[in-house]
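Counting starts at 1 for both ligands and their atoms, following the listed order.
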Amino acid sequence: MGSRMNTILQVCFFAISKILPGEEAIEAIRKSIRDTYGRKGEDIVQKNMQAVDETLAHLFEVKVPTELSSTIAMPPPFSLDAPAFERDVLGVMYAGRGDELPVSAFPIDGTFPTGTAKWEKRNLALEIPAWDEKICIQCGKCAMVCPHAVIRMKVYDSKELVGAPATFKSTESRDKEWKGLKYTLQVAPEDCTGCGICVEICPVKNKSEARLKAINMVPQPPLRMPERENWDFFLKLPEHYRRDIKVNTIRQQQIQEPLFEFSGACAGCGETPYLKLMSQLFGDRSVIANATGCSSIYGGNLPTTPWSKNAEGRGPAWSNSLFEDNAEFGLGFRLSIDKQTEFAQELVKRLSAAIGEELATALVTASQKDEAEIYEQRQRVDLLKEKLQGNNSPDARQLLSVADYLVKKSVWIVGGDGWAYDIGYGGLDHVLASGRNVNVLVLDTEVYSNTGGQASKSTPRGAVAKFAAGGKPGCKKDLGLMAMSYGNVYVASVAMGAKDEHTLKAFLEAEAYNGPSLIIAYSHCIAHGINMTTGMSDQKVAVESGQWLLYRYHPERAEQGENPLILDSRTPTRKVKDFMEMETRFKMLTKSSPEHAQQLWREAQQDAESRFRLYEYLAQRKTEKAPV
Ligand SMILES: Cc1ncc(C[n+]2csc(CCOP(=O)(O)OP(=O)(O)O)c2C)c(N)n1
Ligand code: SF4
Ligand code: SF4
Ligand code: SF4
């Protein structure tokens, strides 16, 4: 039964309480199993029936001692090493004693520190991954897909290994550019959820033992203490200079520090790997507007947040707005940041004599197109601040207050499909049409996940969801195509599990584009009725069958006379049926209404074929350079 305990507990309750005569209660439970799970298929019904039998067979009385005999002392909710606010306020809330806190304990402006999920140490997993450094090819794929940012990679000088714990693993880096450096892949043992996605994605098979890979699940309890020590040591190893990392290849990019870690999303969530990737690439300069939905809950689930900061104290500034206005909320960030940047530049020009012409010109003209240039601009801003010290003119004081806006900020507007396709669509459309430089990330689970799986306009034909109990009769709305019709919006449709390098490329292009960008990211979800461990490989089948398309529409290509649309999906090699059969959301209709299911599955196949033909046509169309 995995983690599904309801049937087992129900049987225990009725067997012990004897509220109803034993046999009568058990028969009623069996009937309710048929009524509840019948639509999901005989397999699930039988699993539950078996759980009833096994529960009855194994039920035994546990004598509760009259006195406590345990010698285990409960550790404090958050480590004593946590900063005071985290330990004494957030930790108390975490322990469920928040009502003991006085109002004066809270920040008066409502802001909360970030990077606090790391104190939870939930120890959820019975098994965690163990790394086999001898056969690992250092591809970075396991780190990329980890929904909880638990698997990390670092490259570092061998002298850093002085004082390493006895079981700390490291090997030679295989990357030519990191020749001579050491490489470690480390798991945070107490933050892992045991979802197994990292093992599933690892491409390396152990030749001497076929069932093993370069990373394998092993029991957590014996590893907890030694790996905790290893993790702490790993954290102290220096981060590689961001400006020296080639961000366009996963093997290097994945050593970037995630600034979104240990979220409380479901184990194996399909949404969070995208947010983690975004936080690695742009987190040190990003401002995030988050629509209501799963991402706002695991993103800001009081008392902790997974949004984090690096050693320099830089990390995403995050806020959640209403479901219905989040795109506008994010546009507001963009407008106010641009205004402050403009003001800072104006002041730099006005004060150029005091600052020095050369520095002033560099500060206002820097293109900041990559990590190295952003680093240089940060250095200039530090120098500027130094030069302004002791200058008490009103202009200098104002410039000091806005100087940080001279460094590029990356605005992200994030939400689910319920937000983007339905309730927030009017605002999203308005923001895309504005032409402003914002990045929109739609975490597309094809249902309203956070409220239990209601159908949205993104739900594909034939999927059973709440408000679509008979299978969604209509096809999925093509949000990407609608956005492309503006011509000046960068649009990408991605699925990390199908092509991780493509996802990475789309994130880089979207952010670099000086205009509105929309990334629609396929996100597997518990609402799909799947085995979450294989969520990423399911995404592959979605793409291979044409159920999900991979493409990028880049307005700058049109400016150069090229077709702006690149269809990155190949001609489907499988049928949509192959994908639908893997997911209970589709399969359940074949039990409850087989003929109707057949009809909808046929139509779903037609949807996929006509969508592919349309995109193929659009991507092959010759375009002419627009007259100047
Ligand atoms: C105007 C409004 N209607 C309904 C809700 C309740 N609500 C909160 S989260 C949510 C579902 C969000 O679904 P989606 O946008 O698809 O994001 P996901 O949870 O799938 O990530 C709903 C309906 C709300 N907060 N505001
Ligand atoms: S098992 Fe899941 S949470 Fe743990 S490291 Fe692997 S992908 Fe991350
Ligand atoms: S996916 Fe496998 S081979 Fe690749 S880095 Fe992870 S453990 Fe190594
Ligand atoms: S319900 Fe789905 S989207 Fe939400 S946290 Fe769980 S897996 Fe992720």
TODO: Go through ligand 2 atom by atom and flag the ones less than 4.0 Å from a non-hydrogen atom of P129.
DONE: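 Numbered from 1, ligand 2 contributes 5 (S), 6 (Fe).
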- [ ] With heavy atoms of H148 as the reference, note each atom of ligand 2 found under 4.0 Å away.
- [x] 3 (S)
- [ ] Take D444 and K476, measure what salt bridge (Lys or Arg N to Asp or Glu O under 4.0 Å) needs, and give me the verdict at the end.
- [x] CA-CA 11 Å; D444 196 347; K476 181 182 170 94; 3.0 Å; yes
Open item on the list: Quick check on contacts: which atoms of ligand 3 are under 4.0 angstrom from a heavy atom of V204?
Closed with: 3 (S)
- [ ] For G140, take its heavy atoms, then give the atoms of ligand 3 lying under 4.0 Å from any of them.
- [x]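 The atoms of ligand 3 under 4.0 Å from a heavy atom of G140 are 4 (Fe), 5 (S).
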Spell out, as yes or no, whether a donor-acceptor pair under 3.5 Å connects the side chain of [X] to the backbone of [Y].
X    : Y    : result
S173 : K182 : no
K213 : N206 : no
K121 : K118 : yes
K477 : Y421 : yes
K499 : D568 : yes
T184 : K169 : yes
H528 : T445 : yes

For [atom], what is the closest protein heavy atom, and at what distance to 0.1 Å?
atom                    : result
atom 6 (Fe) of ligand 2 : C198 SG, 2.3 Å
atom 1 (S) of ligand 2  : G196 N, 3.2 Å
atom 8 (Fe) of ligand 3 : C136 SG, 2.3 Å
atom 4 (Fe) of ligand 2 : C192 SG, 2.3 Å
atom 2 (Fe) of ligand 3 : C202 SG, 2.4 Å

Open item on the list: Here's a test for you: under side chain to side chain contact (heavy atoms under 4.5 Å, CB included), which of Q138, E133, R174 qualifies with Y183?
Closed with: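 Per the side chain to side chain contact (heavy atoms under 4.5 Å, CB included) rule, the option paired with Y183 is Q138, out of Q138, E133, R174.
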Can you tell me how the ring of [X] sits relative to the ring of [Y], calling it parallel under 30°, perpendicular over 60° and tilted otherwise?
X    : Y    : answer
W307 : W318 : parallel
W412 : F282 : parallel
F579 : Y522 : perpendicular

Under 4.0 Å to a heavy atom of [X] - the qualifying atoms of ligand 4, by number:
X    : answer
E271 : 3 (S)
C266 : 1 (S), 5 (S), 6 (Fe), 7 (S)
C294 : 1 (S), 3 (S), 4 (Fe), 5 (S)
M532 : 7 (S)

Work out whether the distance between some heavy atom of [X] and some atom of ligand 2 is less than 4.0 Å.
X    : value
I128 : no
I151 : yes
P147 : yes

- [ ] For atom 6 (Fe) of ligand 4, decide whether C269 has an N, O or S atom at a distance under 2.8 Å.
- [x] no
Open item on the list: Using 2.8 Å as the threshold, say whether any N, O or S atom from C142 sits that close to atom 6 (Fe) of ligand 3.
Closed with: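 Checking atom 6 (Fe) of ligand 3 against C142, an N, O or S atom does fall under 2.8 Å.
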Task: Any N450 heavy atom less than 4.0 Å from ligand 4 - done: no
Open item on the list: Taking 4.0 Å as the limit for heavy-atom contacts, which would you say applies to D132 with ligand 3: side chain only, backbone only, both, or neither?
Closed with: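 No part of D132 is near ligand 3 at this cut-off.
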Open item on the list: Taking the six-membered ring of Y425 as reference, does the cationic atom of K457 (NZ for Lys, CZ for Arg) lie under 6.0 Å from its centre and within 45° of its axis?
Closed with: no
- [ ] Counting heavy atoms only, name the option from I201, I215, V199, I137 that's nearest to atom 7 (S) of ligand 3.
- [x] I215
Open item on the list: With a heavy-atom distance limit of 4.0 Å, tell me whether V150 approaches ligand 2 through its side chain, its backbone, both, or neither.
Closed with: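 Within the 4.0 Å criterion, V150 contacts ligand 2 through side-chain atoms alone.
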TODO: Assess P203 for proximity to ligand 3: is some non-hydrogen atom of it under 4.0 Å away?
DONE: yes
Task: atom 6 (Fe) of ligand 2 to nearest N/O/S of C146 less than 2.8 Å - done: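 Under 2.8 Å: C146 has no N, O or S contact with atom 6 (Fe) of ligand 2.
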Task: No-hydrogen, no-angle side-chain donor-acceptor test under 3.5 Å, T304 and E120 - done: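 Present: a donor and an acceptor within the cut-off.
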